[in-house]
Amino acid sequence: MSYNYRSNVVNSEQMRRIEGAIFASGMPVAALMEKAALLTAQQLKKSYSLANFPKIGVIVGPGHNGGDALVIARELHLAGYQVSLFCPIAKLKDLTAQQANYVKHLGLIFQKTLESLEDCQLIIDGLFGFGLERTLSADIAELVDKINSWQKPVISIDIASGIHTDTGEVLGTAIKATHTFCLGLWKRAFFQDLALPYLGKVELIDIGISPLDLETILQDSPPILRVNPDLIRPYLPLPRPLLTHKYQQGHLLIICGSRRYAGGAILAGLGARGSGVGMLSIAVPAALKSLLISHLPEALIIDCPETATGAIAELPLELNNYHVLACGPGLTTENPAIIEQVLDSDKPIILDADALNILAQLGIEKLSSRQNKTILTPHWGEFKRLFPNLSGSQDRINITQEASQQSGAIVLLKGARTIIASPGGKMYLIPESSSALARGGSGDVLTGLIGGFLTQMPDNAPEATALAAYLHAQAGILAAKERTELGVDGVTLANYLFAALKDSIPPAPLDKGGADRRGDQN
Ligand SMILES: NC(=O)C1=CN([C@@H]2O[C@H](COP(=O)(O)OP(=O)(O)OC[C@H]3O[C@@H](n4cnc5c(N)ncnc54)[C@H](O)[C@@H]3O)[C@@H](O)[C@H]2O)[C@@H](O)CC1
Ligand SMILES: [K+]
């Protein structure tokens with residue numbers, strides 16, 4: 001396991017321990033504050049020019065978040081900005097009090113009222129960082145609401161004040177930042193859907209936390225990783241070995257569709273197409289066969305006997321002849337026997353949509369007898385049905401991890417920030433997405449894509465899932481950029497998968513990882 005400030009996501013307790021390890025090894029506290037705040041001030045000056053934002057208001061809290069804000073205030077003042085300060089809490093930590101003295105010496109003024117900052121073009125929020133530990137008191141909450149009501153650009157230092165660093169919960173109320181500079185390491189809240197409306201654009205400031213200090217603190221817990229191109233590139237089934245053939249690139253079976261929901265089957269097939277899987281078979285009710293062939297001429301379409309209402313009645317197939325089974329899109333919940341048959345197979349399976357709804361009826365205990373991997377890809381509604389005991393909590397990172405532990409499956413919880421947990425405890429967090437994907441059909445594309453990647457990298461199921469989820473989100477972002485958020489239907493999304501692959505995970509120069517790894521598998 002290699003440690004990296006770009007990838008490792010921490011909670012506040014881990015952040016505090018890492019900080020402690022750095023200080024214990026000799027780094028002066030004030031020096032780290034100076035570094036973090038100087039780097040943030042540099043970024044700020046680049047994004048918010050003196051010409052456009054000559055007057056800046058800085059809200060100073062009692063802890064080191066407030067200390068950061070004071071160093072930033074000083075730097076902006078020295079750069080020519082007109083800076084006004086407001087500090088609503090009298091008792092400051094020592095280092096913060098020292099910084100306050102120095103800015104006073106430079107002539108900066110602590111205003112008596114928040115209203116004195118109302119004519120600023122930009123507000124910097126240095127009220128609380130990861131040290132926020134309780135709900136905001138009524139007087140502080142009132143200040144925060146007042147700042148929000150101004151509708152000005154607000155830059156939060158480390159995290160929007162009022163947001164819980166781990167769960168992303170709003171502790172009473174919270175600053176609605178337009179831009180947040182996260183210091184040193186990504187904190188969990190940046191991947192919690194609850195917190196997103198408060199963080200605005202997010203940016204990580206690299207303050208030089210070394211892999212050594214990360215390892216010291218993080219080595220005893222399973223890694224929680226923010227997916228980025230460098231992290232998943234080694235797992236991509238690219239470049240292909242020169243002498244491979246289609247069956248070496250894997251054979252995926254998708255079990256999907258009904259007369260009522262034919263489109264889900266097509267979209268899952270198009271998702272699988274986007275993975276480049278060697279062989280694709282799709283089992284559908286007989287009535288859908290010619291429709292599927294017309295959309296996916298490269299796939300083998302298997303026509304299954306159907307029920308009176310047009311669902312698959314039985315699967316006349318030896319499921320163990322395929323490398324991976326993906327099951328669910330458009331299936332209906334009419335026939336639980338199919339899911340039981342899929343669960344009984346010895347192959348890796350992906351369950352989505354109605355396959356999950358049937359599993360919820362059967363009970364997740366059914367998964368315990370499986371000999372191979374299971375991947376569950378619920379959205380929130382499906383998750384609640386599968387894991388009702390976890391649905392009371394809003395900490396999506398925690399409950400996805402719990403769900404994976406309870407079920408023994410890899411669980412992918414869909415959302416604005418999709419979360420993937422594996423039974424071993426390792427987690428992958430998808431860092432960005434587009435609301436263009438909040439649309440029927442997006443999930444079907446994802447199921448096919450996961451299936452296609454898993455087929456090509458069966459020994460790395462969590463990574464295949466993360467790779468698919470990342471690429472799916474990137475395709476949504478790219479498509480929305482060109483067509484707006486209203487222009488990304490499932491077929492369009494699937495068509496953008498290749499462009500996303502090329503754009504967002506370009507091959508690293510001299511990267512031979514992919515070729516070597518696949519050589520092992522063949
Ligand atoms: N970890 C690191 O590597 C670095 C951290 N720095 C900064 O230090 C911050 C953490 O500093 P602190 O630990 O001092 O914590 P904070 O500055 O986040 O705030 C803690 C202070 O606020 C008080 N407090 C907590 N909840 C409150 C509430 N609801 N109402 C009123 N007061 C409340 C606490 O008693 C404490 O005095 C980070 O967010 C970051 O901005 C940087 O200075 C340098 C690098
Ligand atoms: K803050």
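Note that ligands are numbered from 1 as they come in the structure, with each ligand's atoms numbered from 1 the same way.
Between Trp380 and Phe383, the angle of the ring planes stays under 30°, which puts this pair in the parallel group of the 30/60° scheme.
The two residues Phe190 and Asp158 come nearest to each other via the heavy atoms CZ-O, 3.2 Å. Scanning both residues, Thr96 and Gly61, for their nearest heavy atoms gives CG2-O, 3.8 Å. Between Thr180 and Ala160 the shortest heavy-atom distance is CG2-N, 4.4 Å.
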Step-by-step salt bridge (Lys or Arg N to Asp or Glu O under 4.0 Å) determination, Lys414 to Asp352: CA-CA 11 Å; Lys414 294 169 183 165; Asp352 182 34; 3.2 Å; yes

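Among the atoms of Ala177, none of the N, O or S atoms falls under 3.4 Å from the K ion (ligand 2). At a cut-off of 3.4 Å, Ser156 does not coordinate the K ion (ligand 2) through any N, O or S atom. Taking backbone and side-chain atoms together, Ala69 has no N/O/S atom less than 3.4 Å away from the K ion (ligand 2).
The N, O or S atom of Asp125 lying closest to the K ion (ligand 2) is O.
Side-chain atoms of Gln474 and Glu432 include a donor-acceptor pair closer than 3.5 Å. Side-chain polar atoms of Asn357 and Arg385 form a donor-acceptor pair below 3.5 angstrom.
No close placement of the His472 and Tyr470 rings is indicated, their centers lying 6.0 Å or farther apart.
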Atom pairs, nitrogen or oxygen, ligand 1 to protein, under 3.5 angstrom:
residue  : atom   : partner : partner atom : Å
ligand 1 : 1 (N)  : Glu19   : OE2          : 2.8
ligand 1 : 13 (O) : Arg16   : NH1          : 3.1
ligand 1 : 13 (O) : Arg16   : NH2          : 3.1
ligand 1 : 13 (O) : Lys93   : NZ           : 3.4
ligand 1 : 14 (O) : His64   : N            : 2.8
ligand 1 : 14 (O) : Lys93   : NZ           : 2.7
ligand 1 : 17 (O) : His64   : N            : 3.2
ligand 1 : 17 (O) : Asn65   : N            : 2.9
ligand 1 : 18 (O) : Gly129  : N            : 2.5
ligand 1 : 18 (O) : Gly131  : N            : 2.9
ligand 1 : 26 (N) : Glu133  : N            : 3.2
ligand 1 : 29 (N) : Arg134  : O            : 2.8
ligand 1 : 39 (O) : Phe130  : N            : 3.1
ligand 1 : 39 (O) : Asp158  : OD2          : 2.6
ligand 1 : 41 (O) : Asn65   : ND2          : 2.8
ligand 1 : 41 (O) : Asp68   : OD2          : 2.6
ligand 1 : 43 (O) : Asp68   : OD1          : 2.5
ligand 1 : 43 (O) : Asp68   : OD2          : 3.3

Can you give me every donor-acceptor pair (side chain of residues 97-111, partner residue at least two apart or in another chain, under 3.5 Å) with its distance?
none

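Geometry about the K ion (ligand 2) gives an angle of 140° between OD1 of Asn65 and O of Ile159, rounded in steps of 10 degrees. Expressed to the nearest 10°, the angle at the K ion (ligand 2) joining O in Ile157 with OG in Ser161 is 170°.
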